[in-house]
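Below is one structure, written out as structure tokens; comments come after it.
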Amino acid sequence: MGSSWRVNFLLILFFLIGFLISARLFYWQIFSFSDLAALAENQHWISFEIPAKRGEILASDEAPLASNEEAFLVFASLPEIKEPADSIADKLAPLLEPDSPATMAGLIKERLARSDLVWVPLKHEVSRETKSAIENLKLEGLGFEEEQKRSYPEGSASAHLLGFVGSDINGQSKGYFGLEGYYDLELKGRSGLLRREKDASGKPILIGEVKKEEQRDGRTLLTTIDRTIQYLISEKLQEGLQRYGASSGSVVVMEPKTGAILGMAAWPHYEPENYATFDKELYPNPAVSFAYEPGSTFKVLVMSAALNEGVVKPETHCDQCSGPRVISDYTIKTWNEKYFPNSTMTEVIQHSDNVGMVFVGEKLGTEKMVEYLQKFGLGQSTGVDLEDETSPNLRPLKEWKQIDLATVCFGQGIALTPLQMTRAVATIANGGYLVTPFVVQKVIGEEGVSEIKPKIGEQILKSSTTMMMTEMMVNAVDKGEAQWAKPKGYRIAGKTGTAQIPVAGHYDQEKTIASFVGFAPADDPQFIMLVTLREPTSSPWGAETAAPLWFDIAKEIFTYKKIQPDS
Amino acid sequence: MKKENKNKKSKLFYLIVTLVLLLAGMQLVMAHCLATTGEQMRQLEEKASLIEKENQLLSEEINKMGSLNRIASEAGKLGLMKAGNFLNLTPQVPVALEKTNLNSGR
């Protein structure tokens, strides 16, 4: 009896112990499998993230416009901190944020006071010099982690064109605006991972297993930007804005035959490296995102359309140019209230005659006008490879009134971007073809080079039309208001423009946008350039502000490109 | 006969012992090699990353030195001036054309 009880007790005990062991094993194998497997992995595997380098952005001569620089993340390991937080903050803040040490000191104190963390980041993208200065303080508990920082060797000259690199919501680097934004996927690449078996002291085991997921560095962009032209237009634009007292401005230089952008600058600009310290309104590129009414520069497009349709010829006489025209209760006058009865179309362009252009517009008609505006690419994006491009809408045909047809003939009541204007006028310079502007000509990656070929669109103007229009524009430069500033000996085709700025439903009488668009040399154009100045105060007229600035830049380009005078 | 067998056995014994000692020695050498090569590899990797870093620093330096902003400011400091006047030389009309029929009688 006694022995049977002991046997039963032992059986139950063994069964219970067996059950507990099985349950524990079941728990380890099934429920805790992933945690334990990860723990085991951590004990004998060492992993390194191999960061991908962001691709560079190169000028056409392969000099970097955007590159990468070594930088450091400063962090604090809280359990190792020995000094009081206040003392550390006071020593670090002037080094990390010389401009606003008080704010930085507050941030450091706040982070060092965290009791729920053992590791806190203090500042990203710290330079090598600052790192050395911090190391000299010999503060315990501070460390550095290497990282990359975007650098722009040419400074702010190409800020709007390039954009900048910031962070996305996950803290990962992301390009915004310009080329950095448009080509972000190409530029950022993909990080790699190296996993290797380690011994107890953490050293890699030579015959151990190595798993490597290769990183793919970002691709490099070779642009069409001519570094010298870019520098030149940026400098000249700044000088021009000061000279003419304008509040802002932009310059676009393009190869008319291919659409390759040679330079694009706008002012005021920002420093892409310190973008966060600038007003966000400065980020978009005005050359592709700022819509303006072009004024008289637009006359060359309307005249081209009329010549192409054969409704006028250069020698056609205007029989309604003897005085102001009244259309739908509005009186259309010339800019200086001088009238030239019976003037030819060449003279209409030369005098920038609004009344003469209304005559041309009426000959063309609303339907054809809208058709040509669409053909010139208005109301649609140019397709340039820049992130911030916008396109103002073109009024639908059925909404056009008689006064709209009249005002559009001299570039009021219609809005476009400087790049749209440059592209449209390029059709006159290149024999009538609508090109797609582009900035990147090659994308260079580990797997090879992909070339981006110029996209030449349909021929929208006959070659004879472009020749006639070129001559009319050459005449406008040689005999127009801005002839005094023109470089001697060169045949330049161009047109000035002065547009009033619409404010709260009416045009401001004082504020204007002065512009000049032109190409040179007229017979074999190497570049087309548009200069726009907003609210110049020295004179409201394009002929006295934008045109001299255009000629000033053109002189430098002639020298740089070794373009000889025609006579 | 017996003595011969005994000699053979002792030779075999010595051979086995020698082999075991040799293999043990080799094992020791191999283990040592593996341990030190691991360390060497780490050092080489460190050196490679150091050279790569140096390379990057030099590239950064080249970028800074080659920047047009810097060149323009250095040129200004050296007192270099922008050329104002240019003389454009156009190709001259040739006074005599090269004879192309010199060898025509050949």
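Below, read A as the first sequence line, B as the second, and so on, with proteins coming before strands; counting in each chain starts at 1.
- At a threshold of 4.0 Å, the pair A/E154-B/R70 does not count as salt-bridged, since none of the basic side-chain nitrogens sits closer than that to a carboxylate oxygen.
- Residue A/E135 qualifies as enclosed at atom CD: its count of foreign heavy atoms under 6.0 Å is above 12.
- With a threshold of 4.5 angstrom between heavy atoms, A/S151 does not approach chain B through any atom at all.
- Taken from CD in A/E69 to OG in B/S59, the straight-line distance is 11.0 Å, to the nearest 0.5 Å.
- Environment of CD in B/E74: crowded, with over 12 heavy atoms of neighbouring residues, nucleotides or ligands closer than 6.0 Å.
- For a residue to count as touching a neighbouring chain, one of its non-hydrogen atoms must lie under 4.5 Å from one of that chain's; by this rule A/S234 does not touch chain B.
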Please lay out, stage by stage, how B/L68 and A/Q230 fare under the test side-chain contact (heavy atoms from CB on, under 4.5 Å).
CA-CA 10 Å; B/L68 290 180; A/Q230 183 64 26; over 6 Å; no
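- Atom OH of A/Y152 and atom CG of B/N69 lie 15.5 Å apart (nearest 0.5 Å).
- Within a 6.0 Å sphere centred on NZ of A/K149, other residues, nucleotides and ligands contribute more than 12 heavy atoms.
- Not a single donor-acceptor pair under 3.5 Å links the side chain of A/E70 to the backbone N or O of B/Q56.
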